[in-house]
Amino acid sequence: SMHVPEPVMSLAVEPKERSSSNNFSKALNRFMKEDPTFRVGFDKETKQTVISGMGELHLQIYVERMKREYNCECITGAPRVNYRETVRSSADYDYLHKKQSGGSGQYGKVLGSIEPLGDGGELVEGFEFENGMIGNNIPPTFIPAIEKGFKEACEEGPLIGHPVTGVKVTLTDGAAHSVDSSEMAFKLAAKGAFRQAYEAAIPTVLEPLMSVQVSAPEEFQGVVVASVNRRKGVILDTENQHGYVSVTAEVPLSNMFGYSTDLRSATQGKGEFTMEYNRHNPVPSTVQAELVKAYQAKRAEG
């Protein structure tokens, strides 16, 4: 099967005229069939349609095609980078979810740990759940609900609300109540346990890092290198051939917005670049602090 990379950038879109909403969905459905790297989703919070793809240009082309081929002009939001979250160390949880209100209550207790997947070197994507229970302190019928609770907790990370990846959760013990325990109670216990351990496990924000290749006539070499450095890129290789310079670098996607315009004006229209997703990488701590602060402010607004 063909490997389809995960989208790295998202854009909220809506038709300018209500009357063209039929064409809007027709266009999106067709584009998704044509292009496996183009995804369409719905943001429940903002009630907006969100398109995702491999970069700014990729999404702009589809917005342009909707206007041209489907006579559907769109309003677009600001591009959003698809961050991820992960943990850097292991931490234990010991969490009791207990509620007593009229009638039957809720009771579920879970003990165990969360840790990074892999050996702590390269980030390993994904989620793993291990049932390390000995004995039946938690009846086996509740184990799937616990796994589901942890999985759901990973859909929206506590740091900045982006998906959590590269985490292994181990369940080692727990307790159940003969009357008040239910699948729901254990699912909620798992969610609470995840939040409890997550804070202690050095949570980290990851950003898409792009492989960028810029080429321009040799006389612009200094300008090109400076333009990559300004966007906090790491230059891996510079090659001069037939009067052209080619610069290979890794640059965080969030710093690549508007780069094509900058490059054109710096090189009198003679420079060009390509970029593709390389991997997700931890953001600098200053950037993480800013992202967390912005997320908390957004949540406070409700």
Over all heavy atoms of both residues, which pair between [X] and [Y] is shortest? Give the atoms and the distance, please.
| X | Y | result |
| --- | --- | --- |
| Met275 | Val212 | CB-CG2, 3.9 Å |
| Pro139 | Ala176 | CD-CB, 3.6 Å |
| Pro252 | Leu209 | N-CD1, 3.7 Å |
| Tyr83 | Pro163 | O-CD, 4.0 Å |
| Ser113 | Asp92 | CB-OD1, 3.4 Å |
| Gly53 | Leu59 | N-CD2, 3.6 Å |

Besides Leu57, the hydrophobic cluster formed by Ile, Leu, Val, Met, Phe, Trp and Tyr side chains linked at under 4.5 Å, directly or via other members, contains Ile61
Grouping ILVMFWY residues whenever side-chain heavy atoms fall under 4.5 Å, the cluster of Tyr244 otherwise contains none
Taking [X] for the side chain and [Y] for the main chain, is one N or O donor matched with an acceptor at less than 3.5 Å?
| X | Y | result |
| --- | --- | --- |
| Asp180 | Gly105 | yes |
| Glu115 | Arg88 | no |
| Ser10 | Val50 | no |
| Gln288 | Val205 | yes |
| His97 | Ala185 | no |
| Asn136 | Ile138 | no |
| Asn29 | Ser25 | yes |
| Glu85 | Ile160 | yes |
| Thr172 | Leu111 | yes |
| Glu56 | Gly258 | yes |

Practice task
Assess whether atom CD of Glu14 is packed by more than 12 heavy atoms of other residues, nucleotides or ligands within 6.0 Å.
Solution key: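 Yes, CD of Glu14 has more than 12 neighbouring heavy atoms, counting only those of other groups under 6.0 Å.
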Q.
Using a 6.0 Å cut-off, check whether atom CZ of Arg68 has over 12 heavy atoms from anything other than its own residue.
A.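 Enclosed.
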Pairs involving residues 216-231, ordered by first then second residue, that meet salt bridge (Lys or Arg N to Asp or Glu O under 4.0 Å) (sequence neighbours left out) =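 Applying salt bridge (Lys or Arg N to Asp or Glu O under 4.0 Å) to every pair that reaches into residues 216-231, excluding sequence neighbours, yields Arg231-Asp262.
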Would Lys187 and Glu183 count as a salt bridge (charged side-chain N to carboxylate O under 4.0 Å, His left out) if you check the C-alpha gap in whole Å, the side-chain angles of each, and the deciding distance to 0.1 Å? CA-CA 6 Å; Lys187 196 170 100 169; Glu183 289 189 348; over 6 Å; no
| said: Does Leu206 form a side chain to side chain contact (heavy atoms under 4.5 Å, CB included) with Asn281? I'd like the steps, not just the answer. | reply: CA-CA 5 Å; Leu206 304 165; Asn281 217 35; 5.9 Å; no
| Can Asp237 and Val247 be said to form a side chain to side chain contact (heavy atoms under 4.5 Å, CB included), step by step? | CA-CA 6 Å; Asp237 187 35; Val247 175; over 6 Å; no
**Donor-acceptor side-chain pairing of His58 and Asp35 below 3.5 angstrom** =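 The answer is yes; a qualifying pair exists.
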Tyr277 versus Ser211, side-chain donor and acceptor atoms under 3.5 Å
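Absent: no donor and acceptor within the cut-off.
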query: Strictly under 6.0 Å, is that where the ring centroids of Phe194 and Tyr93 end up?
result: no
**Asked** Under 4.0 Å between a Lys/Arg side-chain N and an Asp/Glu carboxylate O for Glu199 and Arg195?
**Response** no
Original post:
Does Arg65 come within less than 4.0 Å of Glu34, counting only side-chain N to carboxylate O?
Top reply: yes
Answer yes if [X] and [Y] sit in the same cluster of Ile, Leu, Val, Met, Phe, Trp and Tyr residues linked by side chain heavy atoms under 4.5 Å apart, and no otherwise.
| X | Y | answer |
| --- | --- | --- |
| Ile114 | Val124 | no |
| Leu117 | Phe150 | no |
| Val283 | Val167 | yes |

Please evaluate residues Glu272 and Arg264 with respect to the criterion salt bridge (charged side-chain N to carboxylate O under 4.0 Å, His left out), reporting the C-alpha separation (whole Å), side-chain torsions for both, the decisive distance (0.1 Å), and the verdict. CA-CA 7 Å; Glu272 50 189 48; Arg264 278 200 300 270; over 6 Å; no
* To do: Please test Phe24 against Tyr70 for ring pair (Phe, Tyr, Trp, His ring centres under 6.0 Å), starting from the C-alpha separation and ending with a verdict.
  => CA-CA 8 Å; Phe24 179 70; Tyr70 287 88; over 10 Å; no
| task | Evaluate the criterion side-chain hydrogen bond (donor to acceptor under 3.5 Å, both in side chains) for residue pair Asn240 and Gln221; output intermediate values, then yes/no. | result | CA-CA 9 Å; Asn240 294 66; Gln221 182 162 340; 3.0 Å; yes
Report task. Step by step, work out the salt bridge (charged side-chain N to carboxylate O under 4.0 Å, His left out) result for Lys148 and Glu152. Result -> CA-CA 6 Å; Lys148 195 171 179 221; Glu152 283 180 13; 3.7 Å; yes
Yes or no on side chain to side chain contact (heavy atoms under 4.5 Å, CB included) for Val87 and Ile202, after CA distance, side-chain angles and deciding distance? CA-CA 6 Å; Val87 296; Ile202 314 180; over 6 Å; no
Between Arg84 and Glu207, does the salt bridge (charged side-chain N to carboxylate O under 4.0 Å, His left out) criterion hold? Intermediate values first, please. CA-CA 6 Å; Arg84 292 274 178 277; Glu207 64 181 346; over 6 Å; no
Quiz item: Given the rule in the side chain to side chain contact (heavy atoms under 4.5 Å, CB included) test, do Val224 and Phe273 qualify, once you have shown the distances and angles that lead to the verdict?
Solution: CA-CA 10 Å; Val224 168; Phe273 80 102; over 6 Å; no
